[in-house]
Amino acid sequence: MVAAPERPLLQVNNIEVVYNGVVLVLRGVSLQVPQGGIVALLGANGAGKSTTLKAISGLLRPERGEVTKGSIEFMGERIDEKDAADIVRLGIVQVMEGRRVFEHLTTEENLIAGAHIRRDGQIRRDLEMVYHYFPQLKARRNVKAGYLSGGEQQMLAIGRALMSRPKLMLLDEPSLGLAPQLVAEIFDIVVRLNQEEKVTMLLVEQNAMMALQIAGYGYVMEDGRIVLDGDPEKLLNNEDIKEFYLGLSAVGQRKSYREVKHYKRRKRWLS
Amino acid sequence: MDEPPLLDVQDVHVSFGGVHALRGVSFQALKGEILAIIGPNGAGKTTLINAICGHYHPQRGRILFKGKDITRLRPHRIAALGIARTFQNLALFRGMSVLDNIMLGRHVKMRSGVFACALYWGPAQMEEVRHREVVERIIDFLEIEHIRKVPAGALAYGLQKRVELGRALALEPELLLLDEPMAGMNLDEKEDMARFILDVQEEMGIGIILIEHDMGVVMDISDRVIVLDLGEKICEGKPEEVANDPRAIKAYLGEAVAQKGR
Amino acid sequence: MINRECGIFRTTYQADMSLYGVPLARITVAAFALFFALVFPFVVDHKHLVWANFAGISIVAAIGLNLLTGYTGQISIGHAAFMATGGYTAAIMTTRADVPFWVGLIAGGVFASAYGLIVGLPSVRVKGFYLAIATLAAQFITEWIINHVEWIGGGFQASIIVPPASLGPVRFDTELEKYYLVLALVVLAVVAGLNIARSRLGRAFVAIRDRDVAAEIIGVDIFRYKLLSFMISSFFAGVAGALYVYYVGTATIEAFQISRSIEILAMIIIGGLGSILGSIFGAVFVVVLPLALEDILEFFRGVLPVTDIDTFVSQLKLMVFGGLIMLFLMVEPEGLNRLWRNVKDYFRVWPFSY
Amino acid sequence: MLRARRFWPLALVAAVALFLAACEGGEEQPATGTPRAQQPTGAPITIGMMYDGTGATQLIGVAYKAGFEDYINLINSKGGIDGHPINVIFCEHGYNADRGVECYENQKRGGAIGTVTYGTPITAAVIGRCNQDQIVCTFPGYGSAAAANGERFPYGFPIAASYWSQAGAAVRFVLDEWQREGKSGKPKIAYLFYDNPAGNEPREVLRTIAQREGLQLEEVAVPAPGTEMSSQVTRITQSIRPDWVITHLFGSSPSVSIKALKEAGFPLNRVVALVWGSGDADVEAAGGWAFAEGYYGLQFTAIGTDLPVLREITEMYRSQGKQPPDLMTKNNVYYMRGVANAAVMVEGIRNALRQKGYPITGADLKAGIEAIRGEVAGVVNLNLSARDHEGGGSVRIYQVRGGRWQLARDWFQGYRDVIESFVYR
Amino acid sequence: MDFFLSLLVKGLTLGCIYALVALGFVLIYKATSVINFAVGEMMMLAGFLITAFVGLYGLPLAAAIGLSLLLMVLFGFVLERGVLRPMIGRPVIGMIMATLGLGIFLRGFAPVMWGVDKKNLDLMLPAQPLRLESIVVPPVDLAGVGITLFLLACFAYFFQRTRSGIAVRAVADDQQAAMAMGIRVSTVFALSWALAGITAVAGGVVWGNKIGVDQYLSLLGLRVFPVVILGGLDSIAGTIIGGLVVGASENIFGGYFDKYVGGGLKDFVPYVLMLLVLMVRPYGLFGREVIERV
């Protein structure tokens, strides 16, 4: 909240990412996340959203990927050369796609594992904080995480990330495979965490409508590039976004899947 | 005298480790219709599919396919009878090419034994070629010619889903079970997938059971909808009926979706 | 070596599905075959011919294990037991029933295959490393049986002396003749292996390896195919064992112990899992490297500051061999075959990389 | 077709081999010539020797090879045999049958007319080839006892004492001790053996002898690697309760057996070990000479550090300004077996040269070895013939007393008739 | 009865010290999913180090053991850093092969460094075995049981109660997710190899005293498999149960039935038992089941 407005919390400058030394996945991605904000990163599958998040959190290396060009700065410090553990210590934590809880650890052990970097002895208190946001988890604190339902696992994944007391949380598709009601609940909590716990959020989503409803700014990725950005109103009013992400035709009317069956419009920015 | 329904699920109970995933679910699926199953997470949708294709065996109840009891059959037998499925979290054979993945779908249709395979001579070779033709038709249909020889694991998510559909189609099934075929897709890809599903229904006359969270898709393309909650069927009917059913709204849809669907 | 693919259009599926689609590849394979048939045995030292024969026998066994472990994903640390089964079957039939060589060879394979079926039974229920250790149990149990059942082991120090192989009027007496015998069987094994790998059977195996649940639901009877994989794999091992016995001239249990099982496993891991070509690379690497090392270290005989140089060299050899395996796996954990593919890929697009 | 084609490739291979041999000959270093020693004048005679420097019995292999090499060097430093130096192709096989075959082929190609195989599996692997190629293979103290039948195995020589002879002699010794101590009845014997082909080999002989003598015999197996034998020793001390134990163990297990038997309270002077359990290292590893006091070990060679042949070898080293290897004393038993082997080979070559003259073939060497009678180099005692390739199976018994092996019984044999009935059945 | 009791007691103590070897194996597997085929060789290395410090450099036994602990921990670190770290995220079977390679390396390395002859590792325990009626227990076996139980207790506490222990288990579950939590996977790996180094020293001390220090020490690695499979590959408690079952059963079967089958049951029985257990419980007695989702 105190950071000067001209210096964003996170700044990604024109990065390129290469996998296995040959496959170019990101071709010059730049984005900024302001202190205290929620930024949404939208795009199709394979556009490079997850890769961007992993480049920030340092999780590329185990997948044999690396940042070959550009820089990533967090609070004015270069982090693209750092490894994942150091980045977490700086205050960036990623909630990975597909939940990825430690299945054989209990709920509470998962949370304790999330607090691995903490050395301040406040873990007990933070456990209560997480249970406050996710009362369901408290009830199932001694259950192996592998036996939790999908929604509970997603909550656990967010709660576990919260345990590291992050400044910036990278959320990768928190709505994936969840029922609409649960999705709404999760997004609710994301907003509350942003407001009450002052956690800045960078959110990757398929569910563009949902994401733009809570975000303060949005980027759209396609094919390893940022192709559009702007505040939610601007994006929501963009023809292409309406067409391809919101499923709305120009007049704001949703098109039936049966109708689009034999008719497909080409994307304008690619032609 | 009457032709039996394509699939007849009668009072199926499944539980594991004390958790009752399904408690007495009954329904019928008809030839050539798209039947959607919706419900909140943990409602037992995937368990139901797993029970139909033999991965789980119900503790109680029966499942009939074209009048034949398949409750206790092992999955590969059920597949051979003509039930194919796709998976919620992709289950392609990552090491194999797209072509081989779909060829594998032809497995139950092929007869070559060990020696024929080892020699790869005469009938065995002819058989491979014959089935290759079928597979090529499916590849054409799904518009994935360009990735024929790419290892499945290296494909983008949406394409993998499409290949998985192709693999299921290669079985020449009469009943196709699709477990969240659109999860994690953008609208563009969803439209493609919806198109393929409708084509499958129309051109091949295959009965489809569809699990999907995207209400837009469900409401648009399904002929009938079943709502599951906590392992029980709470309502069934045409999409618009279900969308207005208070039980369904309460359990799953929520007010907003119900309105949107209208 | 330059497998240029551009400009090649296939007009039939048959052509597209052939093993070596590119003319250049076909020529390369033919050239290799000719080299090993007509040139290699006449330019190398006798010693190297012995190496080649052992390597050849190992290739047959390694292809078998690769079908089981590399393709079907079932680890076996008891493959020497199948070799022993094949070897002793051949030895017993040759010495007691006086059957011709080829009958002994096939019988060795068939019996090993039947034994493989029994050993493979736990795979119906047990997976992964647990299964691997179950096969290890088979190894020890087999050793025990051969050691203790005189009818099988032959009593004479659990070893049976076998006359040299012969096919009609052709006797395989000399190293060179044995080389051709081994080479012929290696070619057969490679062709059979490649065909199995690319046909219905191989696809089912890989499906079980990649996702057994999905394989089952798509119609692969996984129990049947796991057992089939065990049987095919042990058939190869049995033939390799019988070949070993005919080649060496003796069936002895101490040639089929746990160390042999580990050696074959090493071959396919180093060569590359799920690759027939990899099995060949791996077998050659594991058999030839220690021997070659000996020659290399011999070179430094005068320089090394020790008294008993022979012994020192033999121990150093072990160190270097172990060290090389580690080093190699660090550089390319997916095996020699991958390394080979990388080289090929490089040339495929060379000089236009990117 | 093939028969006709068989010659040119062979000729080619031979040519290549000759060429390579010539290359190797070029960089040959001078033999261990000493200023005072006579230089051999004739053409060399080549033999092979296999051993293991790694693997199951590397400890034995290393000392064994040192003894062999030293004795051959001694002969060469004295001018060779009738002026012919002996050239040895050593080969380390790591106790691996494949490598043994490779060693053998290598030595064959190198012109060896005879070779010393080492290790039971290796012997089993090459014995068929030896007969086929007419190359003498000696396998002293191991290998197949049945190969003593010179008619069935014309080129196999299980010289000195096969496991059958060792077992027979061990029972003989036990019975004689029993009588010497004036005890009545017959002793009860436990046979504690390594559960591999070698360990199993004497069982039948022992049973036959036991039956004939009316002895009670119990067999107790130790599975490989024999590093643990608590159940076996418990069975011996608490269930079988024998008067004597004959052990036939390898590698690490002899020392483990000594330790376990002693800890269980079994008197070690009622234990007699066959040859691979009676090394210096076995005693030391068990807990030292004092700990193993009383333990009997069977030997087919003379052992000890004051033997004349060792004095000669020491002298040879001194004259070159070097110290003899410490293996000579530290691992005397295995070292002596190497010496004994070399001595048998040398004696055989000497006989062959006398009988036929240079050059000699494998067949000549066979005849030369078959002509050996009596003590050789003061370390082995053999009476070989075309029929008996073992040489009578004479052994000595030594006992651990006062910190070293002391001779307990000079050359003797046991139950030749039983053993012969097995060899020539 | 005496005979039975003797066999049982000896078997149980034996089982305990089998568990000591198995512990090193399970530690590595649990944290890194690496099947360590070099567990016997690491024990051999530890044994050689101790005897070398005592024999060649004349250090007192305690100092030698301490120094060996230090070196083995260091060895664990170096191994992790030099060999296994570059392989993080690569196929697991490659790592298995790497440990096989390590085993071969060490089997060559030890004799090159210290010669092939067997060394005595004198623990200066009382010479007289403990006698209870006819049951004889050598002091080293008692020491072995003590060391095993002590280490087991330490490890159990570490994994269940400490944050580092939980971190190790988290890594075992999902490496990438653990990295996302700021857990240094490499540190965890190094830690588990270091712990395995400690158990190697403990095993080396006990077994080295029992059977002497030479390459045969490495062969004990093979005895570990029935033990860990019975107990479950990733269960610390499983090692002790597996060890006890294997030790007792092999002794009792060997003692009573060897004479009927010509011997060798000791080798045979643990594996048959193991197969039976696997048929009923495919993940061993205490092994964790792979949670499968479709």
Side-chain angles (χ1 to χ4, degrees), chain D residues 52-63 94 191-196 199-200 203 218-240 251-253 255-256 259-260 262-265 279-282 284-288 291 326-327 330-331, chain E residues 2-11 13-14 17-18 104 107-108 111 115-120 122 127-129 131 134-141 207 209-220 222-223 247 250-256 258-259 261-268:
Chain D
D52 62 349
T54 57
T57 59
Q58 56 186 13
L59 177 58
I60 296 172
V62 170
Y191 173 56
L192 182 67
F193 68 101
Y194 204 63
D195 197 12
N196 68 352
N200 278 292
R203 289 168 76 183
E218 290 273 0
E219 296 165 347
V220 183
V222 177
T227 42
E228 204 294 309
M229 49 186 84
S230 61
S231 78
Q232 288 90 339
V233 168
T234 310
R235 207 178 132 206
I236 288 173
T237 55
Q238 292 190 34
S239 172
I240 301 171
S252 193
S253 52
S255 61
V256 174
K259 203 167 178 176
K262 172 127 184 184
E263 274 172 354
D280 309 272
D282 298 321
E284 270 160 21
F291 185 86
D326 59 351
L327 288 169
K330 219 174 84 184
N331 231 330
Chain E
D2 266 4
F3 181 43
F4 178 79
L5 271 181
S6 283
L7 286 173
L8 184 68
V9 170
K10 285 212 148 210
T13 54
L14 185 64
I17 45 184
Y18 279 154
I104 297 173
R107 278 207 298 275
V116 293
D117 49 323
K118 185 182 266 206
K119 279 116 184 131
N120 276 320
D122 191 358
Q128 278 308 309
R131 277 171 206 280
S134 59
I135 302 168
V136 186
V137 183
V140 60
D141 286 12
W207 280 104
N209 177 270
K210 268 180 87 73
I211 67 171
V213 175
D214 67 351
Q215 51 143 357
Y216 277 88
L217 211 48
S218 69
L219 294 179
L220 278 160
L222 281 180
R223 301 300 288 172
E250 70 172 37
N251 255 18
I252 287 165
F253 274 93
Y256 280 103
D258 249 4
K259 57 183 156 199
V261 297
L265 280 182
K266 233 183 140 114
D267 237 15
F268 201 102

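Note on naming: letters A, B, ... go to the chains in the order of the sequence lines (proteins, then strands), and numbering restarts at 1 for each one.
- Side chains of E/Asn251 and D/Ser230: a donor-acceptor N/O pair is present below 3.5 angstrom, by distance only.
- With a threshold of 4.5 angstrom between heavy atoms, E/Leu7 approaches chain D through its backbone and through its side chain.
- For D/Ser255, the part lying near chain E is the side chain, with the backbone staying farther off; criterion is any non-hydrogen pair under 4.5 Å.
- Between chain E and the options D/Ser252, D/Ser253, D/Pro223, D/Ala221, heavy-atom pairs under 4.5 Å are most frequent for D/Ser252.
- For chain D, no part of E/Ile252 is nearby; none of its heavy atoms comes within less than 4.5 Å.
- Counted by atom type alone, D/Asn200 and D/Asp195 present one or more donor-acceptor pairs between their side chains at under 3.5 Å.
- Considering OG1 of D/Thr227 and NZ of E/Lys210, their distance stands at 9.5 Å, rounded to 0.5 Å.
- Contact annotation for D/Glu219: neither backbone nor side-chain heavy atoms come within less than 4.5 Å of a heavy atom of chain E.
- Looking at every heavy atom in both residues, D/Leu192 comes nearest to D/Met229 through CD2-SD, 4.3 Å.
- D/Ala281 does not touch chain E: none of its heavy atoms, backbone or side chain, sits under 4.5 Å away.
- The aromatic rings of E/Tyr256 and E/Phe4 sit tilted relative to each other, their planes meeting at an angle between 30° and 60°.
- Contact of D/Phe193 with chain E is made through the side chain alone, with heavy-atom distances under 4.5 Å.
- At a cut-off of 3.5 Å, with distance as the only test, no side-chain donor of E/Lys10 or D/Ser231 sits close to an acceptor on the other residue.
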